[in-house]
2 protein chains.
Amino acid sequence: MGLSPSVQRLPTTFPLDEILVGDCIASMNALPPSSVDCVFADPPYNLQLGEGGLLRPDHSFVDAVDDDWDKFATFEAYDTFTRAWLTAARRVMKPNATLWVIGSYHNIFRVGSALQDLGFWILNDIVWRKANPMPNFRGKRFTNAHETLIWASRSAESKGYTFHYEGLKGGNDDVQMRSDWFIPLCTGDERLKGADGLKVHPTQKPEALLARTLLSATNPGDVILDPFFGTGTTGAVAKRLGRRFIGCERDPVYADAARKRIDAVEPLSTAALLVAPTKRAEPRVAFLSVIEAGHIRPGEMLSDARGRHTAIVRPDGTLMAGPVAGSIHKIGALVQGLPSCNGWDFWHATRGGKPVLIDTFRAKMRAAMGSAA
Amino acid sequence: MGLSPSVQRLPTTFPLDEILVGDCIASMNALPPSSVDCVFADPPYNLQLGEGGLLRPDHSFVDAVDDDWDKFATFEAYDTFTRAWLTAARRVMKPNATLWVIGSYHNIFRVGSALQDLGFWILNDIVWRKANPMPNFRGKRFTNAHETLIWASRSAESKGYTFHYEGLKGGNDDVQMRSDWFIPLCTGDERLKGADGLKVHPTQKPEALLARTLLSATNPGDVILDPFFGTGTTGAVAKRLGRRFIGCERDPVYADAARKRIDAVEPLSTAALLVAPTKRAEPRVAFLSVIEAGHIRPGEMLSDARGRHTAIVRPDGTLMAGPVAGSIHKIGALVQGLPSCNGWDFWHATRGGKPVLIDTFRAKMRAAMGSAA
DNA sequence: CTCTAAGGTGAATCTCCTT
DNA sequence: CAAGGAGATTCACCTTAGA
């Protein structure tokens, strides 16, 4: 490649919120292992079969010396390149980090196969449905109105990855966020333009797309690595959302544009970025504590919503149904003949003649614990 | 399998509108080369489901695909299988024939890579957006709400393939048909059920999906080959639309069901062979999308009509009132002390000193989404 | 008969902590 | 490290039962 050592930054300290100008594989290999929380990658994918093989469309501003970067004579060459950067990225991922890659039908099947071969575990493929796609001018195909993102964990054993299920559901009319996202292209003021009025980068991604990925799969303060930084959409969105970034970009012109762009970004207030705790992460409350706090009396009778099943509360926090005693969950499962049951969402106490779910009392205790802390 | 030679049909005449019971590769190899106009393939997806099974929140059991035909030991074994049937299919394709394959993220990247390696030329990838997908019961991923079809010609030199651009456009309110299709699952009367009331095949595809592919990429009288015929959706739709079919199916039970099904199909009159009008999705707009579109800023304060209640907009599309975060509906209900609330008709942003109902912004987006929904 | 309520179901790589 | 238990988790559509 012939990059001078001064340009190829080899960080002694961890390069937070910086752009590493140079080959992304060398830059990633210079980072310590297990050091980033998320990778977002928008690799070259304008593969087109020309006379001599697969070529990326010409970019006049790309230095001729740099041509090797994005020319791929064959699928095999593209696969070699893909495996190389995926391997380097996987090394710097923490065990529960996740990877996002975006592509189109030209390259996404190569990328998807490669990451499966390398041990990544696909969590979803996401379809970015473009609000305003380029029409198919010649009328020979369907309008290519989407691109595909792959979301993958580092391995099948990575069960602890970040996913803000409840937040996404809350922002989507209280139904689960689906795998198809409808988002407009990057146009207007958001699109970076040079002094000549031309777009600086041919494939600048919309910030809304990056925002949804980072809000889904990262926490404030997390480090996001982007091996193909371009004009820095990942960095701009990361800064605005209170995340940290590391960008790799081999073209100094893109890197400069990205730096200026990110400098101008105002981060959101930390108040707006607070992560609501998931139910699983909330403090445990024992059923016995609810009794001890006086919300439920020993000897009281609990029932299900329709009054078909009943059980007696014992002072040690177990229930008794007929001759059998056990936890609220076990007895709930037993009376229903089910393999399991969440007793908090099944049993009701009677208050003012009406059934009150016992989870209501737990919620009160959690609220009281919060104000006390 | 131990199929007897009499069952493994080796056609001396061309087997039009027949089901060849046996291994699809052997059946295809027994056909003359360059003899079919189109291939539609719904191969095993290699789902790799876990041992334990999956329960719904109400503890009922999810009837997953656990058939032996979907099990492969490794990705390598799946790739070998994929290359074998793709090679056999390619041999019988006419020079301008096209191939359709459907899959999910489990297998589609393997299939796409293999067919590129074999010389097929991808024309589009198509996203089947499911109207009614199965939810993600554990809240660990995005709802897997789509499957992917790849549409490919036999080679990059196949320029004369069939594509009914004008017909599709006419059936789509005179805008080009996009690469994302919104179609319901195969349920109700269309779903084949046995005498026991259970579904005959675990993965029967909707006829609407096949109809759109065949109307797009074949002519009346064309021969469509389906190497994984199953219960014969391809054959049923082909007959109804005045096309011919050849089906390969290993399981005689599926083949019998398919034969009976296809016998009952009434072909449409030629006058009726127009593109079915596009079924529009109801334009659901997430509050998050309103933020992404820039109509409302994260960190902004919303209030009710009289300014008695306020909440902060978070970047993920939830609201925060005091320490509690949730959807526009949940927080609206919370601040009013009501059991429920339509947040769209409750919360206002301030524009030019005046309160503007947030539903105003949703209406703007619906208008802008137009045909894409 | 109509209308409502309740129940079933679809290609799913679907938990996590403690003992 | 395996086993067991706590407890968290569903959307759109269709069919059937019941009023």
Side-chain angles (χ1 to χ4, degrees), chain A residues 116 120-125 151-153 155-157 159-161 163 165-166 169 172-179 278-282 284-287 306 326-330 332-333 339-347 358-359 362, chain B residues 42-67 69-72 75 102-108 128-148 182 184-191 193 197-199 201-206 228 230 281-282 284:
Chain A
Q116 286 180 316
F120 288 96
W121 192 244
I122 298 181
L123 299 168
N124 281 113
D125 59 334
W151 181 41
S153 62
S155 80
E157 289 71 45
K159 298 287 189 189
Y161 58 86
F163 180 55
Y165 172 76
E166 291 187 325
K169 187 174 172 177
N172 193 38
D173 271 16
D174 288 322
V175 294
Q176 293 185 343
M177 186 68 78
R178 296 169 41 119
S179 56
T278 65
K279 263 198 170 173
R280 239 183 253 282
E282 286 183 88
R284 282 279 182 98
V285 175
F287 185 59
R306 299 193 206 168
S327 70
I328 53 173
H329 314 296
K330 276 204 153 178
S340 69
C341 164
N342 182 347
W344 294 108
D345 293 333
F346 178 72
W347 293 111
I358 61 172
D359 197 37
R362 181 171 66 160
Chain B
D42 182 10
Y45 286 12
N46 189 22
L47 285 186
Q48 306 174 74
L49 302 183
E51 292 294 315
L54 181 65
L55 295 181
R56 302 169 194 271
D58 65 1
H59 304 291
S60 65
F61 193 74
V62 175
D63 183 17
V65 178
D66 57 355
D67 306 68
W69 49 254
D70 196 50
K71 290 189 167 62
F72 294 84
F75 281 128
I102 184 167
S104 66
Y105 67 84
H106 308 85
N107 73 319
I108 199 67
W128 168 28
R129 302 176 50 224
K130 299 180 183 182
N132 45 345
M134 180 143 39
N136 184 285
F137 295 117
R138 311 308 289 265
K140 295 294 289 180
R141 304 181 179 194
F142 298 95
T143 308
N144 198 356
H146 73 277
E147 294 187 21
T148 301
F182 185 80
L185 295 176
C186 178
T187 57
D189 288 341
E190 191 187 322
R191 187 89 196 204
K193 305 229 171 66
L198 300 175
K199 56 191 176 191
H201 195 283
T203 70
Q204 184 181 339
K205 295 293 177 288
F228 307 97
E282 88 290 8
R284 177 192 283 280

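Chain naming here is simple, since letters A, B, ... match the order of the sequence lines and numbering starts at 1 in each.
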- [ ] Using a 4.0 Å heavy-atom cut-off across all strands, classify A/K169 as base, sugar-phosphate, or nothing.
- [x]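 The residue A/K169 makes sugar-phosphate contact but no base contact.
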TODO: Using heavy atoms to find the nearest nucleotide of DNA chain D for B/N132 and A/H329 separately, return the residue whose nucleotide is more 5′.
DONE: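 It is A/H329 whose nearest nucleotide is closer to the 5' end.
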Open item on the list: Can you say whether a donor on the side chain of B/R141 sits under 3.5 Å from an acceptor on the base of C/dT13, or the other way round?
Closed with: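 Answer is yes: a donor-acceptor pair is held.
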- [ ] Kindly say whether, by distance alone, the side chain of A/R362 makes a donor-acceptor pair under 3.5 Å with the base of D/dG7?
- [x]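 Answer is no: no donor-acceptor pair is held.
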TODO: For C/dT13 versus D/dA12, give the span between their C1' atoms, rounded off to a whole number of Å.
DONE: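 Rounded to whole Å, the distance is 23 Å.
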Open item on the list: Below the 4.0 Å mark, does C/dT13 have OP1 or OP2 next to a side-chain nitrogen or oxygen of B/N144?
Closed with: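 Looking at the OP1 and OP2 atoms of C/dT13, one of them is under 4.0 Å from a side-chain N or O of B/N144.
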Nearest-angstrom distance from the residue atom [atom1] of [X] to [atom2] of [N]:
| X | N | atom1 | atom2 | answer |
| --- | --- | --- | --- | --- |
| A/M177 | D/dT10 | CE | C1' | 16 Å |
| A/N342 | D/dA8 | CG | C1' | 6 Å |
| B/E190 | C/dT9 | CD | P | 18 Å |
| B/D189 | D/dC14 | CG | P | 10 Å |

TODO: Test A/R178 against every option in B/N136, B/T143, B/N144 by the side-chain contact (heavy atoms from CB on, under 4.5 Å) rule and name the one that passes.
DONE: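 Of all the options given, the one that passes is B/T143.
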Proximity to the side chain of [X] - top-ranked nucleotide from [options]:
| X | options | answer |
| --- | --- | --- |
| B/R56 | C/dT13, C/dA11, C/dG10 | C/dG10 |
| B/T187 | C/dA11, D/dC14, C/dA12 | D/dC14 |
| A/K330 | D/dA8, D/dA6, C/dA12 | D/dA6 |

Write out a two-atom table: protein N or O, nucleotide N or O from nucleotides 15-19 of chain C, distance below 3.5 Å.
unit_1	atom_1	unit_2	atom_2	d
C/dC16	OP1	B/K140	NZ	2.7

Task: Chi-angle category of C/dT4 [syn within 90° of 0, anti beyond] - done: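 Glycosidic conformation of C/dT4: anti.
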Task: Centroid separation A/Y161 to A/W151 less than 6.0 Å - done: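 Yes.
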Open item on the list: Check for me: is B/Y105 stacked on C/dT13 by the 5.5 Å centroid and 30° plane-angle rule?
Closed with: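 So B/Y105 does not count as stacking on the base.
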Task: Pair assignment for DNA chain C - dot-bracket with | for other-strand partners, Watson-Crick or G-U under 3.5 Å - done: .|||||||||....|||||
Open item on the list: For A/K330, is the NZ atom crowded, meaning more than 12 foreign heavy atoms sit under 6.0 Å from it?
Closed with: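 Counting other residues, nucleotides and ligands, NZ of A/K330 stays at 12 neighbours or fewer.
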Task: Check: A/W121 and A/E157 side chains under 4.5 Å, non-hydrogen atoms - done: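 A/E157 does not reach A/W121 side chain to side chain.
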